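So the structure is just underneath, and the comments pick up after that.
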2 protein chains.
Amino acid sequence: MSQYSGKNRVLVAVDCIIFGFDGTEMKILLIKRGFEPEKGRWSLMGGIIHPNETLDHAASRVLKQLTGLENVYMEQLHTFGEVERDPVERTLSVVYFSLIDINKFKKQINQEYHSEWFPLKKLPSLIFDHRDMVELAKQKLRYKAAFHPIVFEMLPEKFTLPQLQNLYEGIFDTLMDKRNFSRKVLSTGLLIKQKDKERLSSKRGAFYYKLDKRKYQTKFNAFLNFIPNPTNLG
Amino acid sequence: MSQYSGKNRVLVAVDCIIFGFDGTEMKILLIKRGFEPEKGRWSLMGGIIHPNETLDHAASRVLKQLTGLENVYMEQLHTFGEVERDPVERTLSVVYFSLIDINKFKKQINQEYHSEWFPLKKLPSLIFDHRDMVELAKQKLRYKAAFHPIVFEMLPEKFTLPQLQNLYEGIFDTLMDKRNFSRKVLSTGLLIKQKDKERLSSKRGAFYYKLDKRKYQTKFNAFLNFIPNPTNLG
DNA sequence: ACAAAAGTGTTGTTCGTACACCCATGG
DNA sequence: CCATGGGTGTACGAACAACACTTTTGT
């Protein structure tokens with residue numbers, strides 16, 4: 001069996017879970033599936049891998065195809081391999097999740113896919129095992145966000161502390177005390193206070209902050225303490 | 001393109017990283033590859049997936065084939081998809097890692113593979129990208145062990161606190177204070193002190209402990225604090 | 001009797017949590 | 001002038017880190 005002859009080859013797809021944050025709540029980007037089976041139902045964006053591209057490359061390609069975005073945060077999540085998960089033919093799915101700045105996404109980029117943002121808490125029914133994929137991604141995001149300052153990948157260059165808090169609250173599906181929250185995030189030294197304020201969502205206005213990108217690079221792999229309440233992390 | 005025609009299919013393998021603990025240090029189980037290419041070099045145990053089995057099933061099958069063990073702790077780690085990772089033909093590898101009680105492994109089960117335990121710190125050169133796989137598995141094990149009582153999967157029914165401490169020290173490649181360590185692990189309530197002692201590795205002898213399996217089930221997904229020193233976890 | 005590893009307690013510090021009031025502004 | 005959301009400080013308790021001596025026993 002030295003040349004792998006007589007072995008079975010299978011279709012391999014990548015599917016992308018795309019998280020975004022609109023300033024108030026967490027959302028994910030879905031598409032209306034344009035072909036059979038399950039045509040017209042909601043689905044993650046995906047595609048079959050090409051013969052000469054890596055998995056990471058395929059995932060980036062698929063993401064760009066839908067969003068027009070490149071160089072966004074992306075991470076392999078899990079490979080789904082149930083035999084009957086796709087009724088047409090056995091297909092493995094290597095699932096990636098990505099975090100994007102929702103403002104950079106312009107729907108016009110690719111009307112072909114009929115994409116739409118859905119609040120994490122109000123997802124429609126999804127095809128195949130895509131619901132499992134999303135659940136796993138939510139869980140992974142919680143783990144990651146609990147220790148690493150990863151959430152900034154979903155924020156625009158300037159953001160406010162209340163926005164940041166909303167984001168964490170959305171991820172962990174919990175409420176936090178704003179005094180403790182601000183002390184904690186400011187103590188990381190990752191934030192730089194700006195002179196101007198965001199004045200749309202409140203009368204008084206909230207100061208903008210920017211990420212200190214130098215420190216962000218340095219501290220990304222360090223362990224920080226963003227856990228709001230350990231018992232919620234299951 | 002409704003029936004996925006004209007798409008490219010690829011070989012998919014599973015590879016298993018098998019961790020064990022001999023009472024003193026962490027080890028992994030490797031085999032001497034028995035076929036070309038790279039025949040005779042050290043490798044992870046692996047195999048091509050069958051048409052009608054899930055990935056998890058393939059991993060369990062491969063593990064059993066080598067060790068004779070079933071129902072051991074096993075978790076999907078990552079899928080490796082570099083185009084040229086296997087020189088013969090493009091092959092994806094879905095990598096699993098498992099934790100086994102090294103005492104339950106009997107080499108005689110399958111001489112065919114020429115398997116051997118290597119200390120984590122003295123690994124031989126490995127084929128393909130297997131070194132990357134092992135590095136990633138070490139990192140994942142650290143993450144997991146930092147918060148979940150997963151390490152007991154590698155211990156026999158009865159074990160001593162010094163053994164347990166050696167195990168943590170091996171995983172995190174660090175030294176811990178035995179007073180703080182014992183207080184911490186005992187405070188989880190997961191351990192039951194036995195009346196007898198292990199007398200081989202010291203003159204005075206160390207009390208055996210058993211895992212409280214009921215509490216272990218319950219607390220497995222809770223967040224515990226096994227982090228020895230956060231800065232070592234990167 | 002001594003070498004070698006097991007076992008145990010206290011203290012200071014850090015971190016997390018709980019909690020309440022004033023501020024700035026637009027309407 | 002008042003309703004809304006932004007911003008700040010303090011006090012208590014829990015968890016962690018640092019640290020040293022006594023016990024057992026085989027040789």
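Every chain is numbered from 1, with letters handed out A, B, ... down the list of sequences. Fair warning: this is a prediction, and the values are worked out from it, not measured in the lab.
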**Complete:** What one should report as the nearest heavy-atom pair of B:F21 and B:M26 is CD1-N, 4.0 Å
Which one, [options], comes nearest to the side chain of [X]?
X: A:K184; options: C:dT17, C:dA6, C:dC19; value: C:dT17
X: B:K203; options: C:dA4, C:dA5, C:dC19; value: C:dA4
X: A:A206; options: D:dC16, C:dA4, D:dG6; value: D:dG6

**Asked** Heavy atoms under 4.0 Å, any strand shown: does A:K197 hit a base, just sugar-phosphate, or nothing?
**Response**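 Here A:K197 touches no strand at all.
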**Asked** Going by distance alone, is a donor N or O of one side chain under 3.5 Å from an acceptor N or O of the other, for B:Y208 and B:E157?
**Response**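 Their side chains do not contain a donor-acceptor pair, so the 3.5 Å distance test is not met.
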**Item:** Modelled atom types, side-chain donor and acceptor of B:S93 and B:D15, under 3.5 Å
**Value:** yes
Without decimals, in angstroms, what is the distance between [X] [atom1] and [N] [atom2]?
X: B:L164; N: C:dA6; atom1: CG; atom2: P; answer: 13 Å
X: A:K193; N: D:dT8; atom1: NZ; atom2: P; answer: 5 Å
X: B:R183; N: D:dC19; atom1: CZ; atom2: C1'; answer: 11 Å
X: B:L186; N: C:dA6; atom1: CG; atom2: C1'; answer: 13 Å
X: A:N180; N: D:dC12; atom1: CG; atom2: P; answer: 16 Å
X: A:L175; N: C:dA18; atom1: CG; atom2: P; answer: 13 Å
X: A:K178; N: D:dT4; atom1: NZ; atom2: C1'; answer: 10 Å
X: B:E198; N: D:dT25; atom1: CD; atom2: C1'; answer: 14 Å

**Item:** First encountered from the 5' end of DNA chain C, between A:R179 and B:R204
**Value:** B:R204
**Request:** If the plane angle is over 60° it's perpendicular, under 30° parallel, otherwise tilted; pick one for B:F105 and B:W117.
**Result:**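 If you compare the ring of B:F105 with that of B:W117, the planes turn out perpendicular.
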